[in-house]
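Data first, discussion second: the structure below is written as structure tokens.
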Amino acid sequence: GLEKEGVPYVGFLFFGLMKVGSDPFVVEYNCRLGDPETEVILPRIKSDLLHLFDSLCSGLLSEYDLVVDDRAASTVVLANDGYPGPYEKGKEIKFSDDIDTIDGHIFHSGTRENRKKIWTNGGRILALTGRGNDLKEAVKNSYALRERVNFEGCFSRTDIGRDAREDHVGDALVAQHQLEIGGVEAALARLVDDAFTIDRVHLGNDVPAGLAADEDPPARTGVADPGT
């Protein structure tokens with residue numbers, strides 16, 4: 001479309017895909033990376049990101065040597081009670097002592113530091129990115145990080161990477177959990193959003209449910225699988 005219109009474009013072009021059965025469908029195009037795409041893609045890029053951007057702007061992208069980690073990545077977003085509706089701030093976030101033993105990264109979003117402690121300061125609080133030799137291991141590590149972080153009223157999706165997990169939670173249980181923490185309206189909105197973002201695991205991106213919000217987009221999750 002842009003090429004036919006004579007509009008030059010350089011930058012990200014992100015495909016939002018929906019998997020129905022074994023067939024992929026394009027839901028949207030984005031000219032940016034959002035959450036949790038960033039948290040699963042950038043940790044796998046081993047090359048210098050600044051040089052990548054410089055090559056892009058200089059028209060030398062074809063000469064840039066992009067090196068990508070072969071390991072998979074999976075992200076689970078930890079959100080605040082009530083989100084995407086009203087929520088409270090100022091809850092202390094506690095981390096287990098052994099959290100550093102999990103292969104992954106913790107990305108802060110709606111947090112603040114005060115008196116050497118971390119406190120909630122938004123709707124989406126943390127993006128917990130697990131790494132692994134395959135998708136199943138990456139998803140397992142994402143939830144291992146999730147189990148080691150806690151604050152009052154925290155919640156997350158429980159069905160991320162269900163194709164790769166043997167201990168997945170059924171859709172009915174997930175819907176019930178959403179009803180309990182976000183009310184009927186929020187739960188229905190998440191389930192409707194799920195209809196457009198069903199299990200993108202094998203396509204490299206599992207997008208979560210939620211409502212659009214100006215300050216904090218809805219709690220989302222992502223999966224990057226190098227084998228697909």
Could you give the distance from CH2 (Trp119) to CD1 (Ile93), rounded to the nearest 0.5 Å?
10.0 Å
Closer than 3.5 angstrom, by distance alone: can the side chain of Tyr143 be matched with the main-chain N or O of Ile160 as a donor-acceptor pair?
yes
Nearest heavy-atom approach of Asn150 to Cys154 is OD1-SG, 3.5 Å
Are Phe95 and Leu78 co-members of a hydrophobic cluster defined by side-chain heavy atoms under 4.5 Å apart?
yes
Shortest non-hydrogen contact from Ser142 to Gly130?
OG-N, 3.1 Å
Can any side-chain N or O of Thr129 pair as donor or acceptor with the backbone N or O of Gly104 at less than 3.5 Å?
no
Around atom NE2 of His51, are there more than 12 heavy atoms from other residues, nucleotides or ligands closer than 6.0 Å?
no
Who are the side chain to side chain contact (heavy atoms under 4.5 Å, CB included) partners of Leu33, not counting sequence neighbours?
Phe12, Phe14, Glu37, Thr38, Ile41
Hydrophobic cluster membership, with links at side-chain heavy-atom distances under 4.5 Å among I/L/V/M/F/W/Y: are Leu49 and Leu66 in one?
yes
Would you say that Asp103 contacts Glu137 through its side chain, given a criterion of any heavy-atom pair below 4.5 Å between the two side chains?
no
CG of Leu126 to CG of Asn80: how many Å apart, nearest 0.5 Å?
10.5 Å
CD of Glu88 to CD of Glu152: how many Å apart, nearest 0.5 Å?
7.0 Å
Looking at Asp98, I'd like to know if its CG atom is crowded, meaning that more than 12 non-hydrogen atoms belonging to other residues, nucleotides or ligands lie closer than 6.0 Å.
yes
Taking all atoms of both residues into account, what is the closest heavy-atom pair of Phe155 and Gly82, and its distance?
CE2-N, 4.5 Å
Is a donor on one side and an acceptor on the other found under 3.5 Å between the side chain of Ser156 and the backbone of Val76?
no
Is there side-chain contact between Val68 and Lys46, with at least one heavy-atom pair below 4.5 Å?
no
Decide yes or no for Ile106 and Leu128: does some side-chain heavy atom of the first lie under 4.5 Å from some side-chain heavy atom of the second?
yes
Donor-acceptor pair, distance only, cut-off 3.5 Å: does the side chain of Arg71 make one with the backbone of Arg44?
no
Tell me if the CD atom of Glu92 is crowded by more than 12 foreign heavy atoms within 6.0 Å.
yes
Measure the spacing between CZ of Arg146 and CG of Asn141 and express it to the nearest 0.5 Å.
15.5 Å
Evaluate Tyr64 against Leu56 for side-chain contact (heavy atoms from CB on, under 4.5 Å), listing each step before the verdict.
CA-CA 9 Å; Tyr64 178 79; Leu56 186 67; over 6 Å; no
Under 4.5 Å between any side-chain heavy atoms of Lys91 and Ile125, yes or no?
no
Gap between atom OG of Ser96 and atom CG of Leu145 - 0.5 Å precision:
10.0 Å
Does any part of the side chain of Leu17, heavy atoms only, come nearer than 4.5 Å to the side chain of Val26, both counted from C-beta?
yes
Which heavy atom of Val67 sits nearest to which heavy atom of Ser47, and what is that distance?
N-OG, 2.6 Å
Could you go through Phe151 and Ile118, starting from their C-alpha distance and side-chain angles, then the distance that decides it, and tell me whether this counts as side-chain contact (heavy atoms from CB on, under 4.5 Å)?
CA-CA 10 Å; Phe151 59 87; Ile118 305 297; over 6 Å; no
Student check: side-chain heavy atoms of Leu61 and Leu52 closer than 4.5 Å:
yes
Here the gap from Ile102 atom CD1 to Arg131 atom CZ, rounded to the nearest 0.5 Å, amounts to 14.5 Å
Are Phe15 and Pro24 side-chain neighbours, meaning at least one heavy-atom pair lies under 4.5 Å?
no
How about Val149 and Ile99: do any of their side-chain heavy atoms sit closer than 4.5 Å?
yes
